[in-house]
Structures are given as structure tokens and as C-alpha cells.
Amino acid sequence: MLIQGSTMMHMRTSRRSRILPDIGRSWGLRALWCAMITKTLEPGDPLNNHPNAVQAVMEELEDLRRLGVWDELHPYEAVMVAKLFPDAHLTRVFPIVGTKHFEDPEMQRWKGRIVVSGDRIKTVTGQWAMFQEVGSIPSTMSSCRCILALYALSKGYHLLQSDCVRAYTQALMKGPRTFIRLPKAWWPADWVGRFRDPVCELKLALYGHPHAGDFWYDKLESELKRLTFVTVEGWPSVFVLYPDETHTIAFVIYVDDLVMTGPDYIMTVIQKLRESINMEDPGQMQKYLGCVHHITQKMNFGETVTEIRFDMIKYFENAVTEYEKVKHEKISKVDSPYAPRVGDAELERLLAESGNLAGHAASLVMRLMYGVRMAAPHLSVAVNRLASLITKWSGDADRKLHRIFSYLSGANRLTLMGELSTADKDSVRLAAWPDADFAGDYMSTKSTSGYYLELFSGDDVLKQNRCFPISWGSNKQGCTSQHTGESEVVSLASCLRKELLPTQLLMEKLLRRPLDALILEDNNAAITAVNKGYSPNMRHLPRTQKTSIGLLHEIIVEEDITCDSIGKIELMKVDTKVHKGDMFTKELEVRDFAAAVDLLGMKMT
């Protein structure tokens with residue numbers, strides 16, 4: 001696939017400052033720059049000219065010049081570049097300003113960044129520059145939680161976090177030469193009067209360039225592999241090092257953020273890495289991608305029990321405040337995030353009218369989606385169904401959005417918990433809870449799949465001693481199911497392929513042993529079909545749902561369990577009342593919703 005310059009939207013600003021030229025030229029890029037963590041200023045926001053904003057940008061400009069990100073000493077007229085370098089690209093740079101940790105006033109700080117206008121890169125002949133699809137893949141939160149689980153299971157391990165300083169600019173530019181236009185306010189004094197349209201060559205990767213992330217990832221990957229780290233198949237941003245016969249050092253990378261765990265030797269490894277990678281001093285893990293991790297440890301019969309609380313309280317408080325500003329009214333607390341059903345006539349009326357919040361819907365729902373991904377699994381169904389209405393926002397969508405924020409106003413202190421002990425390292429297992437709701441959404445004929453994936457200790461999965469969340473999700477199935485058994489098999493297959501097997505592989509690499517897994521299913525027809533390996537009533541699944549019952553049978557039932565190098569997977573029947581995946585498929589009544597939240601071990605703080 002080829003992309004033109006960048007897929008980011010371009011927007012012009014009506015006001016420009018000589019100090020902050022072209023501030024916010026690309027809103028799409030601004031939104032992607034630390035999305036949901038740094039609050040970027042809108043293009044016309046007067047705060048762009050605030051002294052702190054000006055200072056932040058000028059400090060960034062001075063630092064980039066000091067690093068030699070572009071070559072100001074050897075400028076060219078743009079017309080000469082076309083003659084001298086016919087394969088070159090031309091673009092411009094501009095500043096963006098934001099407040100980091102906007103949801104926490106005590107931690108807020110101004111941040112300026114100078115970026116390439118990736119959506120306006122052209123060849124010297126004036127054609128749009130074409131780039132191969134971006135290849136680097138940032139880590140997922142599930143990989144980070146796997147690293148946290150390794151830390152909790154291992155005696156004497158450190159859990160550290162560090163930022164790479166101006167990460168992209170640590171990598172050299174590659175490919176066609178790229179020349180940039182600087183805003184006139186930034187021209188060196190000796191340019192004035194000498195040039196009409198000066199450009200200078202971009203020497204180091206800079207934020208906004210479509211391949212800057214690739215160049216940085218390649219640089220960091222090469223340095224880690226030089227230290228004998230290896231990647232894990234299917235997890236390209238997770239790097240593992242085995243310093244001896246028993247221990248594991250693991251790094252998970254999200255752009256310039258590193259989360260690291262391992263025994264004492266990890267300090268030596270970090271020191272060696274810092275010889276070639278400019279990193280901040282590593283510290284204890286606290287806030288990562290907007291989620292605060294509260295980590296407490298206690299001793300129990302000589303073993304260390306680690307509890308981790310995933311805190312998005314201030315994030316959701318800020319989201320509620322922003323909603324109230326848009327709504328222009330206070331909201332009342334409710335006991336569930338699901339709006340009550342209305343009569344058919346009222347529903348038809350609401351669906352026919354455009355929602356009052358249509359202009360703000362994308363921003364508000366995006367906030368909620370990020371919170372769900374990080375630490376709010378109990379909101380998955382309500383938020384994901386609302387997200388599907390963005391392009392057809394109606395009065396009914398207004399009503400559903402209001403209900404979610406009303407719930408959050410009283411339940412924003414509900415936090416996800418995880419607990420493991422060093423005593424569990426040799427016995428911990430994975431538990432997958434896939435479920436489906438057959439045609440349960442009145443807005444679609446397609447069934448809803450959902451799952452919850454966790455690590456657990458103890459012999460009985462229903463009487464867990466300790467458990468630790470890894471991932472969760474809720475989504476519409478790709479095709480309309482014919483009956484409940486079909487929708488359940490589709491959900492099971494999706495959970496197995498996309499979540500359980502990759503996580504099992506990663507945890508086996510981290511723990512250096514086979515890791516057994518359980519799949520908890522509450523539908524007898526699905527279990528029977530998988531155990532038999534075939535169902536006459538579902539023989540159409542390979543064509544309609546891209547799902548093979550035979551493959552599920554081979555993995556779960558026929559796989560060689562005598563093999564010592566891989567963990568086995570078992571399928572187990574459980575009652576719907578204790579099934580943790582149930583809340584990821586349907587809108588529950590208040591009492592059932594409260595019980596489902598309790599099953600996940602979420603607590604008010």
C-alpha cells in the first residue's frame with residue numbers, strides 16, 4: 001500500500017504569530033502527538049502566544065539546532081535543489097504546543113515540538129511524494145501488562161521506566177534527500193536578503209515525517225540486538241535478553257517510552273544501552289501512557305505478593321469536566337453506563353434527528369475509548385457501540401453518551417486491580433473468557449463478540465487465589481450469525497487466534513517455561529462442535545466467518561500434549577453467572593452489571 005505524504009489531515013490557521021509561525025498547521029498530526037496524554041492547543045487558541053508556549057517552542061528550536069537536525073550552514077535555493085538532486089523531497093516544518101499531563105494540574109507542563117509537515121511532502125517536480133506504508137509497530141498495553149506480570153512473579157526483579165530523549169532525532173534520515181523550508185521568523189540573520197526560497201537538508205529523523213518512526217525503531221532495534229536482545233514473534237516492540245540459565249530481562253517499547261524489568265544485571269544492560277541511546281535516568285514505573293500504576297508489595301510466608309492498581313481517575317475526571325463544558329450543564333450520577341431502552345416510537349424519533357453533540361462526538365468518544373483500552377474494561381460494550389455511531393450521530397447517540405458520562409461522574413474512582421506472588425511463578429496459568437451475544441444489539445443484526453484474558457494462580461479457576469488482567473475487548477462480528485452456537489464459536493476462535501495464542505507465546509518467552517491455558521466457555525453447542533471438530537449446522541463458517549472448527553479442534557483437542565516445550569490449552573464449561581466475558585458482549589441490568597464488575601476484581605478507591 002502506498003500513502004501520499006501522510007494520511008494526516010491538513011488544516012490552515014487563520015491567525016499566525018511571528019514567534020510561532022504556522023502553529024497547528026496539521027491538526028491530525030497534533031492529535032497523534034502523545035494522543036490522550038498531551039493536550040494540544042487548537043490552531044486559533046490565543047494560548048499559542050502565551051509566554052510559556054513561546055518559550056517551549058524556542059527551547060525546542062535551539063535544541064534541534066544544537067543537535068544538527070537540519071543543515072542551516074549549507075542552504076540552497078529550492079529551484080537549485082531540483083537541478084542538483086532530482087530525486088529529493090521538499091516540505092516544511094512548523095511548531096505545535098501542548099500541555100503534558102493536562103488531566104493533572106500538579107504535573108502539567110508546557111511542551112513545544114517542531115515537526116515535519118508530513119502531509120505536504122512533494123518531489124522537486126511538484127508531485128506528491130509516495131511512501132511505503134509505515135512499518136514500525138508500537139507496543140500494546142497487553143504487552144506492558146505481561147512485563148508487569150513477569151515483574152510480580154519474579155524474586156528480586158526491578159521494574160523501571162525511562163524516556164529516550166528526542167528519540168526520533170537520534171536516528172539518521174534515510175532514503176531520498178529531504179529538504180525543509182523554515183518559517184521566516186526562524187531564518188538565520190545571514191539568510192535575509194540572500195535567498196528568496198531557502199531550504200536546508202534534513203539530516204536526522206524528525207517527528208511528522210512518515211518514516212521517522214521507522215528510522216528510530218531501526219536504530220533502537222539494532223542497538224538492542226547488539227546487546228543480544230531478541231524480539232518475540234508477533235510482538236515486535238518487545239525485546240528479551242537471557243543473561244543466564246534462569247532469568248529474563250525484558251523491554252517493551254512505545255515510541256520513546258521504555259518499560260523494563262529484570263534482575264540486578266538489568267542496570268548493567270541499561271548502562272551499556274545508554275552509550276549509544278540518549279535516555280533519561282531510569283526510575284520506578286509510575287505513569288505510563290496516561291495510566292498511573294500504583295505498585296505495592298508485601299511479604300507472605302517468605303514470598304513477595306505484588307498488587308498493581310491501574311489508575312485513570314484523574315483522566316476520567318478531566319473527561320467528565322470537558323463533557324460538562326460541551327453540554328453546558330451538570331450531570332447526575334447513575335449506577336450503570338447503559339442508557340435505558342425507550343419505546344419504539346421514541347427511538348424512531350431520536351434516530352431520525354441529528355444529535356446536538358455531533359460536532360464534539362469524535363473527541364469525546366475517543367477519550368472514552370482510550371480510557372477503556374488502558375484501564376476501564378467495564379465500559380467496553382457501551383463505548384464501542386457508541387463509537388460505531390460517530391458517522392451517523394443521532395439524538396439517541398446523544399442520550400447514550402450522556403449516560404456514560406453520568407455514570408463516570410460517580411464511578412470514576414473505580415479502578416482495575418491485579419495481584420500475583422513470586423510463589424505463583426511455576427504454577428500460574430492463562431484464562432481466556434470468550435463470549436458472544438447473539439443479535440443482541442438493536443442497531444445491528446450482527447452478534448457481539450467479547451473476551452477477557454488474565455493470568456491466575458490456584459488449581460480452580462473459579463476460586464482464584466490471585467489474578468492479573470492482560471487484555472479485554474468487545475466488537476461486532478464480521479458476518480451475521482445464524483444461531484447462538486455459531487456466534488459463540490466465532491467469538492472463541494477470534495479470542496484464541498488474536499489474543500490467547502500470542503499472549504501464551506509471549507509469556508512462555510518471559511517465564512522460560514510452557515504456560516498452560518484454559519478457555520472458559522458457557523455454551524454447550526460451541527463446546528460440542530469444538531470437541532468433535534465438525535458441526536453440520538456450522539459447515540458454512542470458513543466462508544462466512546473465516547472460522548474453522550476443525551482448526552479449533554486441532555489446537556485444543558488434538559494438539560500433542562506430551563510436548564514439553566509448549567503449554568496445553570483446555571476447554572472448560574462454566575456457568576454464565578460466573579463468566580467474566582459476559583459483560584463484554586451485552587448491556588447488563590444494574591444488578592448484573594455490578595456483579596460483573598465484582599468478578600473482574602475492580603474496586604473503588
J.: Is there a donor-acceptor contact under 3.5 Å linking the side chains of Gln545 and Ser481?
T.: yes
J.: Quick check on Asp344: does its CG atom have over 12 non-hydrogen neighbours (other residues, nucleotides or ligands) under 6.0 Å away?
T.: no
J.: Rounded to the nearest 0.5 Å, what separation is found between the CD atom of Glu486 and the OG1 atom of Thr484?
T.: 10.0 Å
J.: Between Ala375 and Met312, what is the shortest heavy-atom contact and its length?
T.: CB-CG, 3.6 Å
J.: Roughly how far, to the nearest 0.5 Å, is the CE atom of Met374 from the CE atom of Met141?
T.: 4.0 Å
J.: Does Tyr288 reach the side chain of Val259, with side-chain heavy atoms less than 4.5 Å apart?
T.: yes
J.: For the residue pair Tyr168 and Tyr207, does the interplanar ring angle fall in the parallel (under 30°), tilted (30 to 60°) or perpendicular (over 60°) class?
T.: parallel
J.: Could you grab the distance from atom OG of Ser447 to atom CG of Asp437, nearest 0.5 Å is fine?
T.: 7.0 Å
J.: Give me the atom names and distance for the closest heavy-atom approach of Lys476 to Ser444.
T.: CE-CB, 3.5 Å
J.: Less than 4.5 Å apart, any side-chain heavy atom of Trp472 and any of Ser380?
T.: yes
J.: Will you find, in the side chains of Gln286 and His294, an N or O donor that is under 3.5 Å from an N or O acceptor?
T.: no
J.: Go through the steps to decide whether Ser491 and Gln477 satisfy the test side chain to side chain contact (heavy atoms under 4.5 Å, CB included), and finish with yes or no.
T.: CA-CA 8 Å; Ser491 178; Gln477 294 185 357; 4.3 Å; yes
J.: Under 30°, 30 to 60°, or over 60°: which ring-plane class applies to Tyr338 and Phe593, parallel, tilted or perpendicular?
T.: perpendicular
J.: Is it true that a side-chain atom of Asp257 and a backbone atom of Asp163 form a donor plus acceptor pair closer than 3.5 Å?
T.: no
J.: Can the ring centres of Phe438 and His483 be said to be less than 6.0 Å apart?
T.: no
J.: Determine yes or no for a side-chain-to-main-chain donor-acceptor pair under 3.5 angstrom, with Trp433 supplying the side chain and Glu454 the backbone.
T.: no
J.: Closer than 3.5 angstrom, by distance alone: can the side chain of Ser143 be matched with the main-chain N or O of Thr140 as a donor-acceptor pair?
T.: yes
J.: Which of parallel (below 30°), tilted (30 to 60°) and perpendicular (above 60°) describes Phe584 and Tyr452?
T.: parallel
J.: Yes or no on side-chain hydrogen bond (donor to acceptor under 3.5 Å, both in side chains) for Ser117 and Thr91, after CA distance, side-chain angles and deciding distance?
T.: CA-CA 6 Å; Ser117 185; Thr91 185; 4.7 Å; no
J.: Hey, mind stepping through Val292 and Phe310 against side chain to side chain contact (heavy atoms under 4.5 Å, CB included) and telling me if it holds?
T.: CA-CA 6 Å; Val292 180; Phe310 303 90; over 6 Å; no
J.: Ignoring hydrogens and geometry, is there a side-chain-to-backbone donor-acceptor pair from Ser394 to Ser354 under 3.5 Å?
T.: no
J.: Can you see which heavy atom on Leu408 is nearest to which on Leu368, and at what distance?
T.: CD1-CD2, 3.5 Å
J.: Do Tyr323 and His328 have ring centroids that are under 6.0 Å from one another?
T.: no
J.: Does Glu521 have any salt bridge (Lys or Arg N to Asp or Glu O under 4.0 Å) partners at least two apart in sequence or in another chain, and if so, which?
T.: none
J.: Measure the spacing between CD of Gln127 and CD1 of Ile121 and express it to the nearest 0.5 Å.
T.: 15.0 Å
J.: As a quick check of understanding, evaluate ring pair (Phe, Tyr, Trp, His ring centres under 6.0 Å) for Phe131 and His209, giving each step before the final call.
T.: CA-CA 10 Å; Phe131 297 92; His209 190 281; 5.4 Å; yes
J.: Does any part of the side chain of Lys392, heavy atoms only, come nearer than 4.5 Å to the side chain of Leu351, both counted from C-beta?
T.: no
J.: Might you work through the side-chain hydrogen bond (donor to acceptor under 3.5 Å, both in side chains) test for Gln482 and Ser487, ending with a clear yes or no?
T.: CA-CA 8 Å; Gln482 302 299 306; Ser487 65; over 6 Å; no
J.: Flag the pair Asp575 / Asp522 as yes when at least one side-chain heavy-atom distance between them is below 4.5 Å, and no otherwise.
T.: no
J.: Determine the minimum heavy-atom distance between Met583 and Ala596, stating which atoms define it.
T.: CB-CB, 3.7 Å
J.: Does the Gln161 side chain pair with the main chain of Lys287, one donor and one acceptor, at a distance under 3.5 Å?
T.: yes
J.: Is there side-chain contact between Asp311 and His293, with heavy atoms separated by less than 4.5 Å?
T.: no
J.: Is the closest side-chain heavy-atom distance between Met285 and Leu148 below 4.5 Å?
T.: yes
J.: Do Asp256 and Trp216 have a side chain donor and acceptor closer than 3.5 Å?
T.: no
J.: Begin with the C-alpha distance, continue with both residues' side-chain angles, and end with the deciding distance and a verdict on side chain to side chain contact (heavy atoms under 4.5 Å, CB included) for Asp396 and Arg399.
T.: CA-CA 5 Å; Asp396 189 50; Arg399 186 176 66 94; 2.7 Å; yes
J.: Does NZ or CZ of Arg341 fall inside the cone over Tyr442's six-membered ring, less than 6.0 Å from its centre and within 45° of the axis?
T.: yes
J.: When you compare the side chain of Val320 with that of Asn412, does any pair of heavy atoms fall below 4.5 Å?
T.: no
J.: Between CZ of Arg373 and CG of Leu379, what distance do you get to the nearest 0.5 Å?
T.: 16.0 Å
J.: State whether the side chain of Thr605 and the backbone N or O of Arg413 hold a donor-acceptor pair below 3.5 Å, judged by distance alone.
T.: yes
J.: Just by modelled atom types, is the Thr576 backbone N or O under 3.5 Å from a matching donor or acceptor in the Asp582 side chain?
T.: no
J.: Can you see which heavy atom on Gly485 is nearest to which on Asn523, and at what distance?
T.: CA-OD1, 3.8 Å
J.: Who are the salt bridge (Lys or Arg N to Asp or Glu O under 4.0 Å) partners of Glu589, not counting sequence neighbours?
T.: none
J.: Can you spot which of Glu499, Lys580, Lys498 makes a side chain to side chain donor-acceptor pair (under 3.5 Å) with Tyr451?
T.: Glu499
J.: Given salt bridge (Lys or Arg N to Asp or Glu O under 4.0 Å), test Lys314 with Glu317 step by step and report yes or no.
T.: CA-CA 5 Å; Lys314 290 186 176 180; Glu317 285 178 351; over 6 Å; no
J.: Assess the residue pair Val115 and Val93 against the criterion (side chain to side chain contact (heavy atoms under 4.5 Å, CB included)); give the C-alpha distance rounded to whole Å, side-chain angles, the decisive distance to 0.1 Å, and a yes or no.
T.: CA-CA 5 Å; Val115 299; Val93 295; over 6 Å; no
J.: Is there side-chain contact between Tyr217 and Ile253, with heavy atoms separated by less than 4.5 Å?
T.: no
J.: Test salt bridge (Lys or Arg N to Asp or Glu O under 4.0 Å) on Glu324 and Lys327; report intermediate values, then the result.
T.: CA-CA 5 Å; Glu324 289 178 332; Lys327 185 68 175 176; over 6 Å; no
J.: Within the 3.5 Å criterion, strictly below it, is a donor on Ser494 or Ser449 matched to an acceptor on the partner's side chain?
T.: no
J.: Walk me through it: do Arg385 and Asp441 pass the test salt bridge (Lys or Arg N to Asp or Glu O under 4.0 Å)?
T.: CA-CA 9 Å; Arg385 288 187 175 178; Asp441 184 357; 3.8 Å; yes
J.: Treating Arg403 as the side-chain partner and Ser336 as the backbone partner, does any N or O pair qualify as donor plus acceptor under 3.5 Å?
T.: yes
J.: Atom CD1 in Ile470, atom CZ in Arg145: separation rounded to 0.5 Å?
T.: 7.5 Å
J.: Indicate whether any N or O donor in one side chain lies under 3.5 Å from an N or O acceptor in the other, for His211 and Asp214.
T.: yes
